[in-house]
J.: 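One structure is given below, represented as structure tokens, and several questions about it will come after.
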Amino acid sequence: MLILGGARSGKSRFGQSRIEAFTGQLCYIATAQAFDSEMAQRIALHRADRGPRWATVEAPLDLPDAIMASAAQVDAILVDCLTLWLSNLMLAERNVAQASAQLAQAVQDCPVPLALVANEVGLGIVPDNALARRFRDEAGRLNQSIAQIAGEVAFLAAGLPLMLKG
Amino acid sequence: MLILGGARSGKSRFGQSRIEAFTGQLCYIATAQAFDSEMAQRIALHRADRGPRWATVEAPLDLPDAIMASAAQVDAILVDCLTLWLSNLMLAERNVAQASAQLAQAVQDCPVPLALVANEVGLGIVPDNALARRFRDEAGRLNQSIAQIAGEVAFLAAGLPLMLKG
Amino acid sequence: MLILGGARSGKSRFGQSRIEAFTGQLCYIATAQAFDSEMAQRIALHRADRGPRWATVEAPLDLPDAIMASAAQVDAILVDCLTLWLSNLMLAERNVAQASAQLAQAVQDCPVPLALVANEVGLGIVPDNALARRFRDEAGRLNQSIAQIAGEVAFLAAGLPLMLKG
């Protein structure tokens, strides 16, 4: 399942509640890296929000491997979020097309229920700088490639889902 | 009812037509403040657009009180818009969490039909400056809290509504 | 048919597949102008993506005329995209209201199936500069005016359509 939405649209909470509907051990794969105190605060808030059934794995770059490794140990997985992962890949100058293909493969191979949260970032004015434009294009492409293989796709606004698929 | 959408998505017009479906006296609660001529022009255009059944109340900051006061006098209310109200609160350095809680209470207590217009601002690239990021987060939180208690939630694009709830 | 969406949301591809469902000769009316290599690359990629059934017409400014001229020669038309056309009009200091009215007339008069692609640009934070704010307002107005006369309106996210109308 792919969960799209804007900032503070309730994506993570929705993904969390969907994954908590499964029994057993759950894994939260975080792609966030705390570069500053604003970020560290967000991460801590999100972590406090989740209950004891959740294990947390950090995978700022090697997300496909983290999904496959977690899938062998838990009963359902939430990835939060693909857009930060893309941002990390670009900052680290990794090959985005290759990493996206590996992610698509991991999503298809994952034997347990998997929800992936992603930001929709292409609905504002065209950004001034070329890097932001490239990021926006790559994010759109990544969302499309995962949406194509996902069984369900939801678009969140104000905490409420619109089903795009499934 | 909560009416979400982007700039020039037809939110205000949609809210107006929904409230005009009720009989009796109607109240338009404006949160806009005319800081410059661009803003003054928008306000004048919107006012000219509405008919004689509408009273207009300005409530840049004390929106919860304005809703309760108007509810005692008219038959239906349109608030336009929550996002400008939030912006005014932040500029005036008011306590946003407290004001949001008071608004949620006024929405729940309001004895007459009430439509609230709000902007969805979180679907573009992450803004450069911290204040814009905080504003975007607060706007998302506010939209979620009102959406949770609203009977109906619509997302407007190109003047057309998608129902998220109700 | 009007096809709305963000950057890299799959709008063009969706429009293309809808128009390819018709038999006969097809026309792609491009409003893009290659000002730099980034743009030229995008145009070339899109062109390579389309098959031999497609003729291509460039109409950065005189879109209404191009639609009527193409309609006399082909069996279905895709316009990609209205938002770039608006941007071109504003850069050339044309009368946007007049051009929009001419476009609406051409859309209504067009005797063959016609799909128009447009960007939704109003769902981010309010832009810093007045020109970007005016562009965002004009784009919203243009989308509303075409949505009003279109038989179908779709909102695309991650390559998937939500029907707003039809």
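Excluded from the calculations below are hydrogen atoms, water molecules and symmetry mates; all remaining heavy atoms, backbone and side chain alike, are included. Below, read A as the first sequence line, B as the second, and so on, with proteins coming before strands; counting in each chain starts at 1.
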J.: Do you know which of B/Q148, B/K165, B/R133 has the most heavy-atom pairs with chain A at a distance under 4.5 angstrom?
T.: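 Maximum pair count with chain A is reached by B/R133.
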J.: Is it true that atom CG of B/D109 has more than 12 heavy atoms of other residues, nucleotides or ligands lying nearer than 6.0 Å?
T.: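 Buried by this count: over 12 neighbours within 6.0 Å.
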J.: I need the B/D137 CG to A/R8 CZ distance, nearest 0.5 Å.
T.: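 Answer for the CG-CZ pair, B/D137 versus A/R8, is 5.0 Å.
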J.: What residue in A/G124, A/A132, A/P161, A/G6 has the most heavy-atom pairs under 4.5 Å with chain B?
T.: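 Of A/G124, A/A132, A/P161, A/G6, A/G6 has the most heavy-atom pairs under 4.5 Å with chain B.
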J.: Counting only heavy atoms from other residues, nucleotides and ligands, does the tally under 6.0 Å from CZ of B/R13 exceed 12?
T.: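 Not more than 12 within 6.0 Å, no.
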J.: Should we count CD of A/E38 as having more than 12 external heavy atoms under 6.0 Å?
T.: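 For A/E38, atom CD is crowded (more than 12 foreign heavy atoms under 6.0 Å).
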J.: What's the spacing between B/N143 CG and A/S9 OG if we round to 0.5 Å?
T.: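 The OG atom of A/S9 is 10.5 Å from CG of B/N143, to the nearest 0.5 Å.
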J.: Taking side chain as C-beta onward, heavy atoms only, is B/V126 less than 4.5 Å from A/F135?
T.: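 Of all side-chain heavy-atom pairs linking A/F135 with B/V126, none is under 4.5 Å.
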J.: If you draw a 6.0 Å radius around CD in A/E93, do more than 12 non-hydrogen atoms from other residues or ligands fall strictly inside?
T.: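 No, not enclosed.
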J.: Under 4.5 Å heavy-atom distance to chain A, tell me which part of B/L164 shows up: side chain, backbone, both or neither.
T.: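 Both parts, backbone and side chain.
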J.: Using 0.5 Å steps for rounding, measure from the CD1 atom of B/I125 to the CG atom of A/N119.
T.: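 With rounding to 0.5 Å, CD1 (B/I125) is 9.5 Å from CG (A/N119).
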J.: How long is the span from the CG atom in B/L162 to the CG atom in A/L162, to the nearest 0.5 Å?
T.: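 Between atom CG of B/L162 and atom CG of A/L162 there are 5.5 Å.
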J.: Under 4.5 Å, counting heavy-atom pairs only, tell me which of A/A158, A/G122, A/G159 racks up the most with chain B.
T.: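 Heavy-atom pairs under 4.5 Å are most numerous for A/A158.
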J.: Can you confirm whether more than 12 heavy atoms, excluding those of A/R53, are under 6.0 Å from its CZ atom?
T.: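 Result for CZ/A/R53: enclosed.
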